[in-house]
Amino acid sequence: MDKIRVLINREQLNDRINILSNQIEKDYKDKDLHIICVLKGSVFFTMDLIRNINQNVRLDFVKIKSYNGTKSGEINFEANLISDIDNKDVLIIEDIIDSGKTMNYLTNYLRKNYNPRSIKVCTLLDKKEKREISFTTDYTGFVVDDKFVIGYGLDYDEDYRNLPYIGYVDDEDIKHLKKDR
Ligand code: IMP
Ligand code: MG
């Protein structure tokens, strides 16, 4: 664990999330806001974000897996717990956008198979420089450099999700993460 460095601490997360929830609350005033939380990485972010929104929201979950270790791999729709989003204003909450493939896939899938009134995406982190597919988010917590990040929901092969901050490891230390934990 001592190889993990803090990239974004708890206070910075709280401050930024407060700003995002206030913005979302303003933008969705008098709308039927329907949140879709992308499992598992955005659970912490989603909960902190929506408990700050002073209006009714509905909450659904999807599970999409696109990562194998630190390499961007295939996209799999592992679970779909979406209820009725017909004519609803949908806001997808994601932990991090990297190549853009996952969010591109999910937004297209929802548009094709459901009938939402609108779809927007809120991501905690954006690795903008890694984009392979053009994809623009509507709300972004932090733009981050191309580092592998963990914590506050984000994992390295399913570990480290419960760190209360966003951490990173230097490239040469990633291979030690498993045996050091
Ligand atoms: P994309 O499809 O390449 O945009 O990948 C997005 C997904 O990859 C996210 O939902 C994360 O699950 C995962 N991911 C991308 N970068 C990181 C990282 O630095 N740490 C942990 N997971 C990551
Ligand atoms: Mg994810």
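One-based numbering, in listed order, for ligands and for the atoms of each. Hydrogens, waters and symmetry mates play no part in the numbers below; they use all other heavy atoms, side chains included. Everything numeric here is computed off the predicted structure, so don't read it as measured data. Numbers for residues simply follow the sequence, beginning at 1.
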Check if [X] has a non-hydrogen atom at a distance under 4.0 Å from any atom of ligand 1.
X	result
G100	yes
I150	no
K147	yes

### Task
Consider only side-chain N and O atoms of N52 and N18, and report whether a donor and an acceptor are under 3.5 Å apart.
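Looking only at side-chain atoms, N18 and N52 do form a donor-acceptor pair, the distance falling under 3.5 Å.
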### Task
Decide whether D60 and H34 meet the rule of one side-chain donor and one side-chain acceptor closer than 3.5 Å.
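Short answer, yes.
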List ligand 1 atoms under 4.0 Å from [X], heavy atoms only on the residue side.
X	result
L154	21 (C), 22 (N)
K101	2 (O), 4 (O)
K127	16 (N), 17 (C), 18 (C), 19 (O)
T102	1 (P), 2 (O), 5 (O), 6 (C)
D155	21 (C)

### Query
Salt bridge check: are R58 and D32 linked by an N-O gap of less than 4.0 Å?
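Here R58 does not pair with D32 in a salt bridge, since their nearest N and O are not under 4.0 Å apart.
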### Query
For ligand 1, is any non-hydrogen atom under 4.0 Å from E94's backbone (N, CA, C, O), its side chain (CB onward), both, or neither?
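For E94, the contact with ligand 1 is made by the side chain alone.
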### Query
Quick one: ring pair (Phe, Tyr, Trp, His ring centres under 6.0 Å) partners of F44, sequence neighbours excluded?
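Applying ring pair (Phe, Tyr, Trp, His ring centres under 6.0 Å) to F44 gives Y152.
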### Distance-minimising heavy-atom pair for D98 and R131
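Heavy-atom minimum between the residues: O-NH1, 3.3 Å.
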### Message
Below the 3.5 angstrom mark, is there an N/O of I97, backbone or side chain, next to an N/O of ligand 1?
### Response
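There is no such contact.
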### Task
Just do the ring pair (Phe, Tyr, Trp, His ring centres under 6.0 Å) check on Y168 and F148 with the steps written out, would you?
CA-CA 6 Å; Y168 73 97; F148 196 77; over 10 Å; no
### Task
With sequence neighbours left out, write down each residue that passes side-chain contact (heavy atoms from CB on, under 4.5 Å) with D145, or none if nothing qualifies.
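Here the qualifying residues are E129, K147.
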